[in-house]
There are 2 protein chains.
Amino acid sequence: MRAMPRVSEAHLAARRQQILDAARACFARNGFHATSMQDVISEAGLSVGAFYRYFKSKEELVTAIAEQVIGRVSDLLDEVRAINPPPPIEDVMRRLLQTVDPQFSPDGVFPMALQVWAESLRNPELAAFVRTIYGRVRGHFDEIARDQQAAGRLPADADPEAVGAVLFSMVPGYALQRVLLGRPDPDTFLAGITALLHAPDKN
Amino acid sequence: MRAMPRVSEAHLAARRQQILDAARACFARNGFHATSMQDVISEAGLSVGAFYRYFKSKEELVTAIAEQVIGRVSDLLDEVRAINPPPPIEDVMRRLLQTVDPQFSPDGVFPMALQVWAESLRNPELAAFVRTIYGRVRGHFDEIARDQQAAGRLPADADPEAVGAVLFSMVPGYALQRVLLGRPDPDTFLAGITALLHAPDKN
DNA sequence: CCTTAAAACGAATGTTCGTTCTCTTTAGCG
DNA sequence: CGCTAAAGAGAACGAACATTCGTTTTAAGG
């Protein structure tokens, strides 16, 4: 049996991605809530019925998009840390900011990440996913701190997780300034980091 | 003429605030978009008609709430900087984080600020307001940096605006970690700042 | 205490939305 | 080439929504 009128597996995956791409464009333009299903479906050039063959609901679509967005953030960070041997903190942060800087533009991942964060406050499933991914990212910053400590560029008694948290904080903190205020540029920000690292001991 | 059946000015203001308080509670619980007008109106114990006497639309309500929330963030920062004479950077940041820490809880202002930020990406009017207030807050961090430089705790040739940007970035960056990951606690984060400030010069 | 207009009310409205369901088309298989 | 079941289409539906509007209540002025 198994009469099999099905279409190729690749075609199904392509259709699904076609919807995801359309949704990403719409969400970036208008946000999750102000985007109607019709918007997404029209953007994808499909019919309502076709959409609901690939996603059970709008919420499932939002979650899928969120996973892609957060996953990309994590990957970006992975790349930066893969550099060997570990350069000084300022260089690590420079490379990091230069890598993520394009993502701060209106069609980058950061504006959407902002929406995911806000959404995760009232969507426990999404919150759990966000926690998993960002925990992993945080872990990489801890590793960076450990590398720096091993290289003698941090006090021997410093807590790597504490330093990792501070380094981690600078990335979304900087992103927020860029998105909301439009400044400073990466070089200025990096100069600020350098100045703080070279603060004379006066305490 | 002027038959005047009006109620006292104070009563009008109180009613308005009553609505704002109810809205804040609802928005904190469910977010701007998932909160219906009926939710807000019921929470306030009013009628639909009464609400629309005080606000033209839901959007106007959201804007009013956003203004209150952001205004409070700014005020908090103002207080911390008013301390004289300026303590060392670590102490400034300690005081700052201790002041804003309660605001990271689910009913604090930070979760709502997150929503305001996300919302401002597609509401130009709100975006302009956010820019104004956060610009002012940023300015205070620049002043902190200048104070520190004058006290010899930063390199003489450092750019205060660059240092201010970095210090500023740590606050929302830390808040995000607290809200999304639940850690680290303020003391650990502050220890991380201390470790970075005391990094041995190896470059 | 009666008049008057603001204030409050809440049923009604019209729209928009996400989703369902039935029908048609398509593509693989024998 | 015809059979079959999946894929796609889109009209239709019901729920939820923000807002309006005609009416009732309230309180200050004369």
Side-chain angles (χ1 to χ4, degrees), chain A residues 1-24 26-27 29-66 115 119 122-123 125-126, chain B residues 1-24 26-27 29-66 115 119 122-123 125-126:
Chain A
M1 275 289 157
R2 198 84 165 75
M4 283 294 199
R6 235 188 275 160
V7 96
S8 81
E9 189 101 354
H11 180 243
L12 292 177
R15 266 280 199 271
R16 196 183 150 90
Q17 191 57 48
Q18 173 183 356
I19 293 172
L20 285 171
D21 290 344
R24 195 204 302 277
C26 291
F27 290 161
R29 198 161 41 227
N30 291 108
F32 293 148
H33 296 284
T35 296
S36 72
M37 293 308 299
Q38 205 47 249
D39 292 340
V40 174
I41 288 161
S42 299
E43 176 94 16
L46 290 177
S47 69
V48 180
F51 170 85
Y52 279 95
R53 195 158 289 283
Y54 292 90
F55 292 91
K56 218 181 66 204
S57 67
K58 185 183 187 180
E59 185 158 322
E60 192 177 292
L61 178 63
V62 169
T63 303
I65 288 282
Q115 290 185 59
E119 190 69 12
R122 27 169 246 95
N123 181 340
E125 201 180 333
L126 192 54
Chain B
M1 276 289 159
R2 199 84 164 74
M4 283 295 196
R6 234 188 276 158
V7 93
S8 81
E9 189 100 356
H11 180 243
L12 291 177
R15 266 281 199 271
R16 196 184 150 90
Q17 191 57 48
Q18 173 184 356
I19 293 171
L20 285 171
D21 290 344
R24 196 204 302 278
C26 291
F27 289 160
R29 197 161 42 226
N30 291 109
F32 293 149
H33 297 283
T35 297
S36 73
M37 293 309 298
Q38 204 47 248
D39 292 340
V40 174
I41 287 161
S42 299
E43 175 94 16
L46 290 176
S47 68
V48 180
F51 170 85
Y52 280 95
R53 193 159 292 282
Y54 293 90
F55 293 91
K56 216 181 68 204
S57 66
K58 185 182 186 178
E59 184 158 323
E60 192 177 292
L61 178 64
V62 169
T63 302
I65 287 283
Q115 289 185 59
E119 190 69 12
R122 28 169 245 97
N123 181 340
E125 200 180 333
L126 193 54

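We name chains A, B, ... by the order of the sequence lines, and we start the count at 1 in each one.
Across C/dT19, D/dA7, D/dT20, the shortest atom-to-atom separation from the side chain of A/K58 is found for C/dT19. If you check D/dA7, D/dT19, C/dT19 against the side chain of A/L12, the one that comes closest is D/dA7.
The two atoms that bring A/F55 and A/A64 nearest to each other are CE2-CB, 4.0 Å, heavy atoms only.
Dashed line: the shortest gap from a side-chain N or O of A/S47 to OP1 or OP2 of D/dA9 is under 4.0 Å. For the OP1/OP2 pair of C/dA8 and a distance below 4.0 Å, the side-chain nitrogens and oxygens of B/Y54 include at least one atom meeting the criterion. Neither OP1 nor OP2 of D/dA9 sits under 4.0 Å from any side-chain N or O of A/R53.
Atom OH in A/Y52 sits roughly 16 Å away from atom P in D/dA11 (whole-Å rounding). With rounding to whole Å, B/I19 atom CD1 is found 12 Å from C/dA7 atom C1'. Going from atom CD1 of B/I41 over to atom P of D/dA16 covers 17 Å, rounded to whole Å. Taking atom CD of residue B/Q38 and atom P of nucleotide C/dA12, one finds them 15 Å apart after rounding to whole Å.
Side-chain atoms of B/R15 and B/L46, non-hydrogen and from C-beta on, do get closer than 4.5 Å to each other.
Using a 4.0 Å heavy-atom distance criterion, B/T35 is classed as a sugar-phosphate-only contact. Using a 4.0 Å heavy-atom cutoff across all strands shown, A/H33 reaches no nucleic acid atom at all.
Residue B/E9 holds its CD atom at 6.0 Å from CG of B/L12, rounded to the nearest 0.5 Å.
The aromatic rings of B/H33 and A/H33 sit parallel, their planes meeting at an angle under 30°, below the 60° perpendicular limit.
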